Amino acid sequence: MNNYALILIIVVYLAFLFFLAYWAEKRHRGRLVNNPYIYVLSLAVYCTAWTYYGSVGIASQSGISFLAIYLGPVIAMPLWIILMRKIIRISKQHKISSIADFISMRYGNNRLLGALVTLTCLLAIIPYISLQLKAVSETFALVSNNGYVTSGVWLDSTFYIALLIAIFVAFFGTQSTDASLGKRGIMATVALESVLKLVFFLAIGIFVVYFMFDGTTDVYLKAASTENFKQLSSFGGLENGFNWMFTIFLSFFAIFLLPRQFHVAVVENQNINHLKKAIWLFPLYLLIFNVFVIFIAWAGNISLPSSVNHDYYSLLLPLQSGNTFLALLVFIGGFSAVISMIVVSTLALSTMVSNNVIIPYGFIKKLVEGNPEENAKSIKNIRRVAIFLLIIIAYFFYILFSNQLSLFSIGLISFVVIAQLAPSFFLGLFWRRGTANAAKVGMVVGLLVVMYTLLLPIVADVISPGSQIADKGLFGYWWLRPSQLFGIDYLTPESNAFLWSMSFNTLAFVGLSLMAKGNYRERNYAEMFVHNENYENLQEGAFVWKGEAYVADIRRLLNRFLGETRTKRALTIFNRKYNISEQEEKADSRLINFSEKLLTGSIGSASAKILLASVSKEKPISLVEVLNILEENKETKATNRLLIEKSEELSQMASKLQLANDELLLQDRQKDEFLDTVAHELKTPITSIKAASEVLEDEEMPPELRQQFLMNISKDTDRLGKLIHNILDLEKLSSNRTELNIRSGKINKTIKKAIQGIERIAEQRKVQVEFNESDYLEGMYDEDRILQVLTNLLSNSLKFTEQEKGIIKILLEEKEQEIAIVVEDNGRGIPGEDHNYIFEKFYQSRNQNTKKPQGSGFGLAICKQIVESHNGSIWADKNVPKGARLVFTIPKTK
Amino acid sequence: MSRKILIVDDEPNIVMSLEYAFKKKDFEVFIARDGTEALEIASNELPNIILLDIMMPKMDGYETLKQIRKNKDLDGTKVVFLSAKSKLADVEKGMQLGADSYVTKPFSVKKVITDIEHMIA
């Protein structure tokens, strides 16, 4: 194909992408641009030229091991979704614009850490970008039929393609100074490119399998006859299994940590629910992509001479069959894979370079002095320069270094380097102890190990061929051989490097984190990241800050970056949200946090922190304070609930007080009634005595009658004395002033004593008293008092039973904890309405003018007091056909 | 014409003294131990005077008075409460129900007799 025609096609294709990006940018709110499919397709930026060409190369030489790179993300997809939810929530909350921002913020906006992450990413990605350029250059050469790669920069079409890509990124990637905002235009082109690369790759697969050969079986049978086919189609032994495992891990880390993956998955996520589509669609995409890889590789091995570059079988096969059009499509597919990777990578890297290195390490002073338009321009220019620099450096790297390396190995090296972010990234999400220093040291240690194990042999080979280090080990120690560190010799160089760098990195990170705690800022952010669900609704409230700052200073600072209008609008919203007066002069932690977040999008979290520190006097906070404030913040949401609970408690307390007051009033009234009752009880015998005395004045009264009156007076006097004794007794009992002499005793003996006491009267009235004396039970009681109760009950029974016919029975019932003593008779019984109050010491209630059964006086009230002070109870059984049945209980001896 | 008096009280010793004193003054004395008994005797004997206790078993004095006042035959009968309930509210309640007098216990027998003789003179 003609060289210029191909260039024209490329230019037209790029122009189309420009147009698409422009269109999508205009309709950034439309459904065509904001849907989960765009999101999933943009995730497919994971498939680069490495997938497109490199997989085939690897499959043709070393079998199916290329699959591990795609199996990692497929296997771990459910976990990816879970982690992503958390990562996206945190990032949106803090306006995070890159993985460097994410990690540096987790460790307290640590400037050096952000720079280190950026450096790691550059180290991993620039060679990777250069390999993509190499792919463009080589495939261009193949398709344009020149057969060779031009060597001069100015004659190299790849250089101009790279420049065009740089212009594209610089134009659409810096539309807004806020890097955390989505780049809808770029994402739309990435999605389209993902479609194209898949479709064209499938097309070549179908062409090879069904047109060049007669279906998959045909390819298999023909390939089976080649020499090393068995090795190409099997998994290898256990040792190879380790390689598989490590590669799967590696690719799993990469899907999170690669700057371009972080960018499309997190920064460009418009809706967290888009993740739901990704869970099945993205693995499906990867699987479909890899369906034909092995067949194209086999077909290439069969039909092409082994001298050609195996990576480009998918181009060479159609070219060999004379199908230039299909070769062109494959080229465009591969070109799409390249551009999307370069575009997103440089976009992400340039943000990191500007926000985590250039601005915090030098430009910040200039920005503080500038006005908003200048600052916005400066920030954008820094990013644009970064974009061009990145692509140009990548280009020269390709010119200088890449001849020795295949797409596959550079891809894996890049993955191993980027994996050095894993300990601080993943552990930082779940482990609060992780500190900034530990993260830095871990990362540096990991990188050094990677350099030693993976880069040293390559570099040594380039610089001084024949170097002994790779074969004999450093200083000649065999166990220091870079690719077989510590004598493990069955791992591939990449797996070896991954294993040891990860081990040392993690060890350093965990060990140092355990040895020394981070400062309050680190702990603060650690808490916010690890328990992000607690702070989701708190926003500005979650960050702990103590110090002095003035609103005017902060306003001036924000003006510089956001402009007057946006600043004013932001502050008005802020004041309204937290109900803060416009006149407030002092800034609080919420304003600091709010402003920091506003600035983070534009200049990165580390710079935002530095800027705010320049206008405020921050004071260190003790751990206790941090914890207290965090606790408080956590509870802010719960405060309302707490207040409600408190007021409920108060009203409960009030009603309890009301109850207590009612109780007191009742007691007061009962006391009155008791006194009334006492007075009434006393008045009756006194009236009787007084009346009798007056009548006795009559001298004509017959002597027998006189005798009778005198006897009445005597009886009433006794009654009076007994009454007074009972009143005092009752009062003592009910105020718990009586000390009971409680001992274990045989209740049958006590009952016998009580019966003896009333025996004489019973005999006089010819009333029968029945009790089985052999009933043997032991209880805990004060014998004198229980005797008093029994005597009282027996006297009542005697009083209310008829002479000669009366029968009184005493029964014992054994219960689980207590003994019930029953006194029953066949007398008049207790009238139904009296059951409720025969044990009360007051009967003269307001509407109660009828008397209790005669003679009961205070007797039963006293019985009740005595029984209750034994923790027993006394009651009159209502369900008796005739007579009365009174029961009381006392505790059993244990 | 003999003067009839009905003494209603459940305390036998008090009744005994009153009975002796009124008989001495030539009253024909009837005795009831509670309200129900009192109503029966009153409607049969139509006494000139009823001495009525308030705190009694079964039917109390107030209720008894209400029943007495329903009986037209007993319109001329004077009712005097004899009660240990000495609160003003109790006295007022008794008078409102139509009692002619209210004597609180303990009382002087002589004074009760003098008052009653005045009342029916």
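Everything numeric in this text was worked out from a predicted model, so none of it was measured. Proteins come first, then strands; the chains are lettered A, B, ... in the order of their sequence lines, and each starts at number 1.
- At most 12 non-hydrogen atoms from other residues, nucleotides or ligands lie less than 6.0 angstrom from NZ of A/Lys805.
- With chain B as partner, the option from A/Asn712, A/Val695, A/Leu696 having the largest number of non-hydrogen pairs under 4.5 angstrom is A/Asn712.
- Atom CD of B/Glu45 is surrounded by more than 12 heavy atoms from other residues, nucleotides or ligands within 6.0 Å.
- Note: B/Ser17 OG to A/Ile713 CD1 = 7.5 Å, rounded to the nearest 0.5 Å.
- Remark: A/Lys809 NZ is loosely packed, at most 12 non-hydrogen atoms of other residues, nucleotides or ligands lying under 6.0 Å away.
- The side-chain heavy atoms of B/Met16 and A/Leu705, taken from C-beta on, include a pair separated by under 4.5 Å.
- The structure places CD1 of B/Ile14 at 10.5 Å from CD1 of A/Ile686, a figure rounded to the nearest 0.5 Å.
- In this structure, the separation between CD1 on A/Ile689 and CG on B/Asn13 is 9.5 Å, given to the nearest 0.5 Å.
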Name every donor-acceptor pair, under 3.5 Å, that has one atom in a side chain of residues 73-80 of chain B and the other anywhere in the protein, sequence neighbours excluded.
from: B/Thr77; atom 1: OG1; to: B/Pro47; atom 2: O; distance (Å): 2.9
from: B/Thr77; atom 1: OG1; to: B/Leu74; atom 2: O; distance (Å): 3.3

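- For the set A/Lys715, A/Met701, A/Gln708, the count of heavy-atom pairs under 4.5 angstrom toward chain B peaks at A/Met701.
- Between the NZ atom of A/Lys683 and the CE atom of B/Met55 there is a distance of 11.5 Å, given to the nearest 0.5 Å.
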Compile the donor-acceptor pairs under 3.5 Å between side chains in residues 103-114 of chain B and protein atoms, sequence neighbours left out, one pair per line.
from: B/Lys105; atom 1: NZ; to: B/Asp9; atom 2: OD2; distance (Å): 3.0
from: B/Lys105; atom 1: NZ; to: B/Asp53; atom 2: OD1; distance (Å): 3.4
from: B/Ser108; atom 1: OG; to: A/Glu694; atom 2: OE1; distance (Å): 3.0
from: B/Ser108; atom 1: OG; to: B/Lys110; atom 2: N; distance (Å): 3.4
from: B/Ser108; atom 1: OG; to: B/Lys111; atom 2: N; distance (Å): 3.3
from: B/Lys110; atom 1: NZ; to: A/Glu697; atom 2: OE1; distance (Å): 2.6
from: B/Lys111; atom 1: NZ; to: B/Asp115; atom 2: OD2; distance (Å): 3.4
from: B/Thr114; atom 1: OG1; to: B/Lys110; atom 2: O; distance (Å): 2.7

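- Around atom CD of A/Gln707, no more than 12 heavy atoms belonging to other residues, nucleotides or ligands sit under 6.0 Å away.
- Counting heavy atoms from C-beta on, the side chains of B/Tyr20 and A/Asp698 come closer than 4.5 Å.
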